[in-house]
Amino acid sequence: MPKACQLCSGKAVLKRPKTGQLLCKECFFRAFEDEVHRTIVDNSLFKPGEVVAIGASGGKDSTVLAYVLKVLNERHDYGLKLMLLSIDEGITGYRDDSLETVKRNEVQYDMALKIVSYEELYGWTMDAIVKQIGLKNNCTFCGVFRRQALDRGALMLKVDKIVTGHNADDIAETILMNVLRGDVARLARCTAISTGAEGALPRMKPFKYTYEKEIVMYAYFKKLDYFSTECIYSPNAYRGYARAFLKDLEAVRSTSIIDVIHSGECMAVRKEVKMPTQGTCQQCGYISSQELCKACVLLEGLNRGLPRLGVGKSSKVKKALTGVATPSSEAAASLDF
């Protein structure tokens, strides 16, 4: 006998991973959208009249984010102008295909699209970088360049804010990675739903408390047009190990994802611990806690034929670039719980 939806008594077609509720499609859609709306309102993510760039990769997260923001913007009269911003890393057989999905989304959602490429900004594609660095540290280059490319593309569009499709799983994985690496500076800010206010542009994460499984279910039942292939260069990424560990935790305790996020939110750095001071890169003017931002260091290494230059410690980097070593910073810092 078919089970009934717990909200409307209709036919249930799914069980929500987040709450365990049995729901029909329409009740799931509304519950999903209402939770994102509450996240936006409770955290005051937007103001009427703002121009917002949606970081669009063509994948499930950014596609669902664009669709849901369009729905909520119209339903609740946010008064936002929404645009799509995509980064072309230059990965043949992956990004070129996913960008075709974004171009279809441009038409489907009636949003302007801007595509910015690594080759245009840095003179390198990820295909060329991987030939130099191999598959061990390539994600370091891509992550650093993509973060800066998003800001640069958004500045070209003259938007007020950037929104990204980072979901609860992504944030929980990042917390675990920063704990395992002892990266106190990043751990202190990786749970924030809004970042970058002190830099080029504020970045928002409306999906901070949204499970990845529910995003997939929403995209599936809505029959949204998205690209589902994983990056061909990511199998060896460090994040993959944190993801596997998190999935094992979730199998034992279904609330593990939210539990990890709440734990990260409750962590506080002791006052006596010296944190990096935010400044600007002397070479490109981008935000940086060092004299040269990470992107400029990585780019300098590539252009000098020393691709591993920016992967090591900052003191070694400065010595390689200038011949002068810098005093080593604290290796680790303490946390209050």
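In terms of the salt bridge (charged side-chain N to carboxylate O under 4.0 Å, His left out) criterion, Lys114 has no residue partners (sequence neighbours excluded). Applying the salt bridge (charged side-chain N to carboxylate O under 4.0 Å, His left out) rule to Lys161 yields the partners Glu50; only residues at least two apart in sequence or on another chain are considered. Checked against side chain to side chain contact (heavy atoms under 4.5 Å, CB included), Glu212 has the following partners two or more places apart in sequence or in another chain: Lys60, Asn167, Asp169, Lys247. Remark: Asp183 pairs with Arg186 by the salt bridge (charged side-chain N to carboxylate O under 4.0 Å, His left out) rule, at least two apart or across chains. By the side chain to side chain contact (heavy atoms under 4.5 Å, CB included) test, Glu265 pairs with Thr191, Lys208, Tyr209, Ile261, His262, sequence neighbours left out. Remark: Val51 engages Lys81, Met83, Val159, Asp160 in a side chain to side chain contact (heavy atoms under 4.5 Å, CB included) (not counting sequence neighbours). Residues forming a salt bridge (charged side-chain N to carboxylate O under 4.0 Å, His left out) with Glu120 (at least two apart in sequence, or on another chain): none.
Here the closest non-hydrogen pair linking Arg308 and Ile133 is NH2-O, 3.3 Å. The heavy-atom pair separating Cys293 from Ser288 by the smallest distance is CA-OG, 3.3 Å. Contact detail for Met204 and Pro202: the closest heavy-atom pair is CE-CB, 3.7 Å.
Residue pairs meeting the salt bridge (charged side-chain N to carboxylate O under 4.0 Å, His left out) criterion with at least one partner in residues 121-146, sequence neighbours excluded, are Glu89-Arg146. Among pairs with a residue in residues 7-19, those fulfilling side-chain hydrogen bond (donor to acceptor under 3.5 Å, both in side chains) read Arg16-Glu35, Arg16-Glu214, Lys18-Glu35, Thr19-Gln21, at least two apart in sequence or across chains. Residue pairs meeting the ring pair (Phe, Tyr, Trp, His ring centres under 6.0 Å) criterion with at least one member in residues 144-188, sequence neighbours excluded, are Tyr118-Phe145, Tyr122-Phe145.
Atom CZ of Phe245 is surrounded by 12 or fewer heavy atoms from other residues, nucleotides or ligands within 6.0 Å.
Salt bridge annotation for Glu26-Arg30: absent, with no cationic side-chain nitrogen under 4.0 angstrom from a carboxylate oxygen. Taking 4.0 Å as the cut-off between side-chain N and carboxylate O, Glu33 and Arg38 do not count as a salt-bridged pair.
In this pair, Phe207 and Phe32 present their aromatic rings perpendicular. The plane angle is above 60°, beyond the 30 to 60° band.
Its side chain within the 4.5 Å cluster rule, Tyr241 clusters with Met177, Leu180, Tyr238 among the Ile, Leu, Val, Met, Phe, Trp and Tyr residues.
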What pairs of donor and acceptor atoms, side-chain ones from residues 105-113 against any protein atom, are under 3.5 angstrom apart with sequence neighbours left out?
{"unit_1": "Asn105", "atom_1": "ND2", "unit_2": "Gln108", "atom_2": "OE1", "d": "2.9"}
{"unit_1": "Asn105", "atom_1": "ND2", "unit_2": "Asp225", "atom_2": "O", "d": "3.3"}
{"unit_1": "Gln108", "atom_1": "NE2", "unit_2": "Asp225", "atom_2": "OD2", "d": "3.2"}

